[in-house]
Amino acid sequence: MEKTFNLSRREDGIAVLTMDVPGETMNTLRSEFGPEISEVLAEIKSDSSIKGLVLISGKQDSFVAGADISMLDACKTAEDAKFLSQQGHVVFNELENLSIPVVAAINGACLGGGLELALACHKRVCSLHPKTMMGVPEVQLGLLPGGGGTQRLPRLVGVTKALDMMLTGKQLRPKQAVKLGLVDDAVPESILLRTAVEMALADKRPTKKKKQSIVNQVLEGTSAGRNIIFDQATKQVAKKTQGNYPAPNKIIDCVRQGMTKGMIKGLEVEASHFAELVMSKESAALRSIFFATTEMKKETGAGDVEPRQVKKAMVLGGGLMGGGIASVTTTKAKIPARVKDINEAGLSNALAYAYKLLDKGVKRRHMTPAVRDNTMALMTTTTEYKGIKDADIVVEAVFEDLALKHQMVKDVERECGENTIFASNTSSLPISQIAEVASRPENVIGLHYFSPVEKMPLVEVIAHEKTSAETIATTVAFAKKQGKTPIVVQDGAGFYVNRILALYMNEAAQLLLEGQSVEHLDKALVKFGFPVGPMTLLDEVGIDVGAKISPILENELGERFMAPAAFDKLLADDRKGRKNGKGFYLYGGKKKTKEVDETVYSVLGLKPGVDTEASEVAQRCVVQMLNEAVRCLDEGIIASARDGDIGAIFGIGFPPFLGGPFHYIDTLGAGNLVKMLENYQTRYGDRFEPAAKLKQMASEGTRFFDA
Ligand SMILES: C[C@H](O)CC(=O)SCCNC(=O)CCNC(=O)[C@H](O)C(C)(C)COP(=O)(O)OP(=O)(O)OC[C@H]1O[C@@H](n2cnc3c(N)ncnc32)[C@H](O)[C@@H]1OP(=O)(O)O
């Protein structure tokens, strides 16, 4: 079998150990490498001519991407998982205890177990390659660093910074890693190996710990001080995870036990907690998201049709969405974008939006002002259709007015090229209606972003029946360059995400009208696992936007989408939400915490205070979303349950630890969900009528995914 590790000896006595997993684009750590690694370490120990060791990757631009996640998925029992962690401990301890200096030379992704491998080396040097990132993202998989990271990281960079890295899964760029003391140096890739060899020859071990502030020395140097750190971290975790994610508290416990009872005890605790987490349903759900998004990275959205290259884009409308779309086009995709608006205000908004994003990079010192300014130059503005003949794609992001969008379709067909794609950012109008005036309907498509555009990873690519496969593939590729995760959905009012969201929001509105308070509703859904509650979301999206979409959905999809009439009183009272400072919450106040605008109850003629059990409140809203998601799959609006899960998680923050609506239905059981819906249908009306496909699955006892 081809070897993964190759040891080569140099004249100067330094041996270079190259890791290169055969047939893989990325190096990952697998249990099967154990015997090979032990053999190599034995050879090194027995060869007195070897004065030092450099560990390097044979991959072009990645070091080690962590333990092989599919290997973790294959664990059948906690014992299986514990063995993996303990095996890693043995190998890394052996590496760390070599009598010769060991230096890791890092180029590209060095994540999870990959960083833990590097931490077991005596020194680390990384390249300045843009793909060189170091971090322990295990927490994003519902796991913890199980290769000694919970013990070595705090001892290298300090407890506070180690906890920050492990609890957020953040990835550090080279200069940040040097500053933190995670690596000893960061050098151009061309001299990475040479620098590592020189480090090994110099052999001034161990790495000097970075000087800590007096406060940190006291906090970290005493058990009382460390307990303050652990208690604060535990409080922050509780607030952020609402108790829905077990990994963070186990990470804190590993560090706490390791720092008080020593590394050996710490590693024991780490292996046990790691094993429990690998077998947890939360980690299984989060790993399924990793596999889904990795699989989607390779899909064109239109089979094997090759996308056309987008060398220039145009954005119509420089407002909140248009500004965001133009900004991710220039700052992420690095594609020139020409923004057209009817007035200078819109244009300056788009420019300011991009500048703000770029300047954050300059302030965080991972971008130079020159790079910021060169990137800004990619965005040009105009109030007329000038300089766009060569635009490969035009994205319109103006308000939801069909006549205006029709006019833009005609303008673009007149002013641009034959193959120029007209992509509409509409959030509700069927694309077929927008395309009905097009002389080249095959070039018309929906490209629906979510606000804030630079933060929300999802875009819906909406094909109407005449959209060409090439248009789909080109639009999907364009969105990926913007750093988006696109799902291709079929044309229909509200497409997928807004459609399932609308019923969830309507149910929240019903609950409000039944006397639940605004804050109780929001707290209930945040506790369930959503990033924000429905009333906060309505304020953010805009109450007026919601009111505009509901009748379209009701008209096209049926009366279950009818929004509660009382909500018209909000618009009559000019309550649009955050955008005009009047909604369910007060805005512009001095207080940091948001306060409910109590006058909203009198506008709606309500007396709040019913506040039933939070889980019941959440369940009523969530089952509406689940039921409609099943209808969308049944009608072919989404191509698969996988896309439905990713769409809901990346589009509206459906709780990732539940794996998405379809994974969650499998967890609940279709039969149980039907019973819940039928119970609500009896109590609250036909809007809870279970979807036909759901009833069929309940009777057949089937699931969306293999168990
Ligand atoms: C004991 C330890 O503490 C436990 C762990 O280490 S758990 C794992 C921790 N590591 C991670 O979470 C990193 C996961 N990987 C990533 O985030 C990204 O792959 C990356 C940032 C490394 C690279 O991203 P990108 O350049 O877009 O490449 P991407 O398409 O994602 O990956 C390329 C290939 O590597 C695979 N891969 C990457 N990381 C992997 C991992 N940890 N396990 C298994 N496969 C992995 C991908 O599945 C993909 O496979 P393919 O060749 O069949 O398509």
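Order of appearance sets the numbers: ligands from 1, and atoms from 1 within every ligand. Throughout, numbering of the chain's residues begins at 1 and tracks the sequence.
- A heavy-atom separation below 4.0 Å is found between Pro137 and ligand 1.
- Heavy-atom proximity to atom 17 (O) of ligand 1, evaluated over Val21, Asp68, Leu111, is greatest for Leu111.
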Counting only pairs under 3.5 Å, give me each side-chain donor-acceptor contact of residues 447-457, with atom names and distances, residues two or more places apart or in other chains.
unit_1, atom_1, unit_2, atom_2, d
His448, ND1, Glu460, OE1, 2.8
Tyr449, OH, Gln482, OE1, 2.7
Tyr449, OH, Gln482, NE2, 3.2
Glu454, OE1, Tyr353, OH, 2.5

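- The distance criterion of under 3.5 Å between nitrogen or oxygen atoms is met by Ala67 with respect to ligand 1.
- Residue Thr28 has no nitrogen or oxygen atom sitting less than 3.5 Å from a nitrogen or oxygen atom of ligand 1, judged on distance alone.
- Salt bridge Arg256/Asp231: present, at least one basic N to carboxylate O contact under 4.0 Å.
- For CD1 of Ile264, the number of neighbouring non-hydrogen atoms (other residues, nucleotides, ligands) closer than 6.0 Å is 12 at most.
- For Glu116, a nitrogen or oxygen atom sits less than 3.5 Å from a nitrogen or oxygen atom of ligand 1, counting backbone and side chain alike.
- Ion pairing of Asp392 with Lys312 is absent here, as no side-chain N (NZ or NE/NH1/NH2) approaches a carboxylate O to less than 4.0 Å.
- If you number the atoms of ligand 1 from 1 as listed, the ones under 4.0 Å from a heavy atom of Gly66 come out as 6 (O).
- Residue nearest to atom 32 (O) of ligand 1, selected from Gln140, Glu270, Arg30, Met26: Met26 (by heavy-atom distance).
- Scanning the protein heavy atoms around atom 30 (O) of ligand 1, the nearest turns out to be Lys297 CD, 3.7 Å.
- Under the 4.0 Å criterion applied to side-chain N and carboxylate O atoms, Glu189 and Lys131 are not assigned as salt-bridge partners.
- With a 4.0 Å heavy-atom cut-off, ligand 1 is reached by no atom of Val136.
- Here the shortest heavy-atom distance to atom 15 (N) of ligand 1, taken over Phe274, Phe291, Phe290, belongs to Phe290.
- Ionic pairing of Arg226 and Glu220 is not present here: no N-O contact between side-chain nitrogen and carboxylate oxygen is shorter than 4.0 angstrom.
- Closest protein heavy atom to atom 34 (C) of ligand 1: Thr25 OG1, 3.4 Å.
- The shortest N or O to N or O distance between Glu138 and ligand 1 is below 3.5 Å.
- Atom NZ of Lys240 has 12 or fewer heavy atoms from other residues, nucleotides or ligands within 6.0 Å.
- Close approach of ligand 1 to Lys298 (heavy-atom distance below 4.0 Å) involves ligand atoms 51 (P), 53 (O), 54 (O).
- Using a 4.0 Å cut-off between charged nitrogen and carboxylate oxygen, Glu94 and Lys45 count as a salt-bridge pair.
- At least one protein heavy atom sits closer than 4.0 Å to atom 2 (C) of ligand 1.
- Annotation for ligand 1: atoms under 4.0 Å from non-hydrogen atoms of Thr294 are 47 (C), 48 (O), 49 (C).
- By the 4.0 Å N-to-carboxylate-O rule, Arg152 lies close enough to Glu96 to be salt-bridged with it.
- When Ala65, Gly149, Gly108, Ala81 are checked for heavy-atom proximity to atom 39 (N) of ligand 1, Ala65 turns out nearest.
- Below 3.5 Å of separation, one finds an N or O of Ile69 facing an N or O of ligand 1.
- Remark: Lys360 NZ is packed, more than 12 non-hydrogen atoms of other residues, nucleotides or ligands lying under 6.0 Å away.
- Applying the 4.0 Å criterion to heavy atoms of Pro145 picks out, from ligand 1, the atoms 3 (O).
- Between Arg642 and Glu299 a salt bridge is recorded (basic side-chain N to carboxylate O distance below 4.0 Å).
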